[in-house]
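Note that the numbering runs from 1 along the sequence shown for the chain.
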Amino acid sequence: MDVPVQAPQSEAPWKKMSEEELEKQYSPSRWVVRRGAEGALKTYSEMGKEDSHQEGPGHQEDPAECPLWRRRRGETGHLLPGGGVRSKDESAFMVDPVTAQGVAVVIVAYDIAPKGSLGQMVDQVTRSVAFLQQRYPRSQGIYLCGHSAGAHLAAMMLLVNWTERGVTCNLKGFFLLSGVYDLEPLVHTSKNAPLLLTPEDVQRTSPQRLLEAAPRQPADPACRVLVIVGQHDSPEFLRQSREFYQTLCRGGWRTSFEELQDVDHFEIVWKLTQKDYVLNQLILKTIFQDGL
């Protein structure tokens, strides 16, 4: 989908919202279209827990070196699904249609707030990606996929100086699902209670702001960044995705924007269990177009 690339707005729309409206905008469960808020959260939790009790031979663990739990059925690439409120074990329910095509899937764990600060989460994911590159140097590419808070963490990997981490990271693509890329609005909502974000934290950990302030050109011009959001995500989630896409365009990234029709914030990942789901097809097409 083509979205016109516009200059940054002088004032973000959220700054004109009441406290109640801003809270609603950043509460995804209040925008579900079919199950209601409680039903959506219950289903989201139960789907992950059910799968976590069905581990088979394809599930392996790499303890000690980094916080990884991985499910591996191929060597054509790596995907890193995740979010801010799910454990690594509960995030694996959606991977079967992708692993069935020979793609290796890795689930990255990190310390969820309030146990871990946002800076610690970014560092843990960075270390995990660096570990993957070192552990599998002959893989045909690493693709990062994150949903919601996981999309924010994946987007932060665009800004990592991998040389300082001692690796040349073979990042081929990013799938960013319903993410938040400028964290300032969260400071004014209940979401900040566990995070305790300061203005300095917002500046250091907002990929939108970091790319606007000091655009970083992709190390590999062929690396793709797909910014994806659900039609029934809140207007603020839609705005954040569009504006991050536009910032990437201005920075010269190979990027695209997709608004998936008739899905909300939770359904966008629930449906990854379906082989013919448009997002699965988009992910596989992106990976295998690169010659993997």
Side-chain angles (χ1 to χ4, degrees), residues 12-15 17-49 80-88 90-94 107 110 112-114 118 121 145-156 174-197 202 205-208 226-245 257-274 277-279:
W14 68 267
K15 292 186 177 181
M17 294 180 183
S18 67
E19 184 177 324
E20 181 181 2
E21 178 59 24
L22 187 61
E23 183 72 25
K24 180 181 178 182
Q25 288 287 329
Y26 286 93
S27 299
S29 63
R30 297 174 68 175
W31 297 86
V32 297
V33 293
R34 275 171 274 274
R35 298 172 187 251
E38 290 186 8
L41 292 172
K42 182 179 179 182
T43 301
Y44 192 50
S45 175
E46 289 178 348
M47 287 180 74
K49 289 178 180 178
L80 305 180
V85 295
R86 305 185 67 89
S87 74
K88 60 188 185 308
E90 294 175 3
S91 296
F93 68 90
M94 76 286 281
I107 313 295
Y110 48 87
I112 297 169
L118 194 55
M121 296 179 209
C145 179
H147 169 245
S148 198
H152 162 264
L153 292 173
M156 286 296 295
F174 292 74
F175 304 102
L176 308 177
L177 315 180
S178 296
V180 173
Y181 309 103
D182 177 5
L183 302 183
E184 186 179 4
L186 296 182
V187 173
H188 306 279
T189 72
S190 64
K191 303 296 183 294
N192 199 38
L195 291 169
L196 300 176
L197 293 173
V202 166
T205 56
S206 291
Q208 172 78 25
L226 282 71
V227 183
I228 302 164
V229 68
Q231 178 188 4
H232 301 303
D233 265 303
S234 77
E236 270 295 284
F237 273 81
L238 284 157
R239 178 189 67 82
Q240 288 237 10
S241 290
R242 289 193 188 98
E243 290 189 5
F244 190 58
Y245 160 74
F257 176 87
E258 294 289 339
E259 182 180 324
L260 298 188
Q261 297 302 297
D262 200 30
V263 292
D264 60 37
H265 189 84
F266 301 98
E267 291 171 330
I268 200 170
V269 286
W270 286 345
K271 292 192 174 187
L272 285 171
T273 59
Q274 302 173 10
Y277 178 38
V278 62
L279 182 53

Can you name the residues that form a ring pair (Phe, Tyr, Trp, His ring centres under 6.0 Å) with F174, not counting sequence neighbours?
-> none
Say you draw a straight line from CD1 of I228 to CZ of F257; how long is it, rounded to the nearest 0.5 Å?
-> 9.5 Å
Quick one: which of D182, L118, L176 gives a side chain to side chain contact (heavy atoms under 4.5 Å, CB included) with H152?
-> L118
At their closest point, which heavy atom of S178 faces which heavy atom of D233, and how far apart are they?
-> OG-OD2, 2.6 Å
For A154 against G146, the heavy-atom pair lying closest together = CB-N, 4.4 Å
Residues which pass side chain to side chain donor-acceptor pair (under 3.5 Å) with Y277, listed by chain and number, not counting sequence neighbours | none
Hey, are the side chains of L177 and L279 touching, using non-hydrogen atoms and a 4.5 Å cut-off?
-> yes
Does the side chain of V33 come within less than 4.5 Å of E267's, by heavy atoms?
-> yes
With sequence neighbours left out, write down each residue that passes ring pair (Phe, Tyr, Trp, His ring centres under 6.0 Å) with H265, or none if nothing qualifies.
-> H147, F237
Please collect all salt bridge (Lys or Arg N to Asp or Glu O under 4.0 Å) contacts where either partner lies in residues 18-28, sequence neighbours excluded, each pair once.
-> E23-K191
Any donor-acceptor N/O pair, S234 side chain to Q25 backbone, under 3.5 Å = yes
Give a yes or no answer on whether the side chain of S241 reaches the backbone of L238 with a donor-acceptor pair at less than 3.5 Å.
-> no
Side-chain donor or acceptor of Q240 paired with backbone N/O of V180 under 3.5 Å = no
Closest heavy-atom contact between P194 and S190?
-> CD-O, 3.9 Å
Closest contact, heavy atoms only, R239 versus A12 | NH1-CB, 4.3 Å
Could you tell me which residues satisfy ring pair (Phe, Tyr, Trp, His ring centres under 6.0 Å) with W31, sequence neighbours excluded, listed by chain and number?
-> none
Measure the shortest side-chain to side-chain distance between S29 and F266 over non-hydrogen atoms and say whether it is less than 4.5 angstrom.
-> yes
Steps toward side chain to side chain contact (heavy atoms under 4.5 Å, CB included) verdict (E236, M17) | CA-CA 11 Å; E236 270 295 284; M17 294 180 183; 3.9 Å; yes
Under the side chain to side chain donor-acceptor pair (under 3.5 Å) rule, collect the residues that match up with E184, sequence neighbours excluded.
-> R209
Spacing of CE belonging to M121 relative to CD1 belonging to I112, to within rounding of 0.5 Å = 7.5 Å
Pairwise side-chain contact, R34 with D262, heavy-atom cut-off 4.5 Å (strictly under) = yes
Measure the CZ-CG distance between R30 and D264 for me, rounded to the nearest 0.5 Å.
-> 15.0 Å
Where is the tightest heavy-atom contact between H188 and L22, given as atom of each residue plus distance?
-> CB-CD2, 3.7 Å
Which residues satisfy the side chain to side chain contact (heavy atoms under 4.5 Å, CB included) test with V187, sequence neighbours excluded?
-> N192, L197, V202
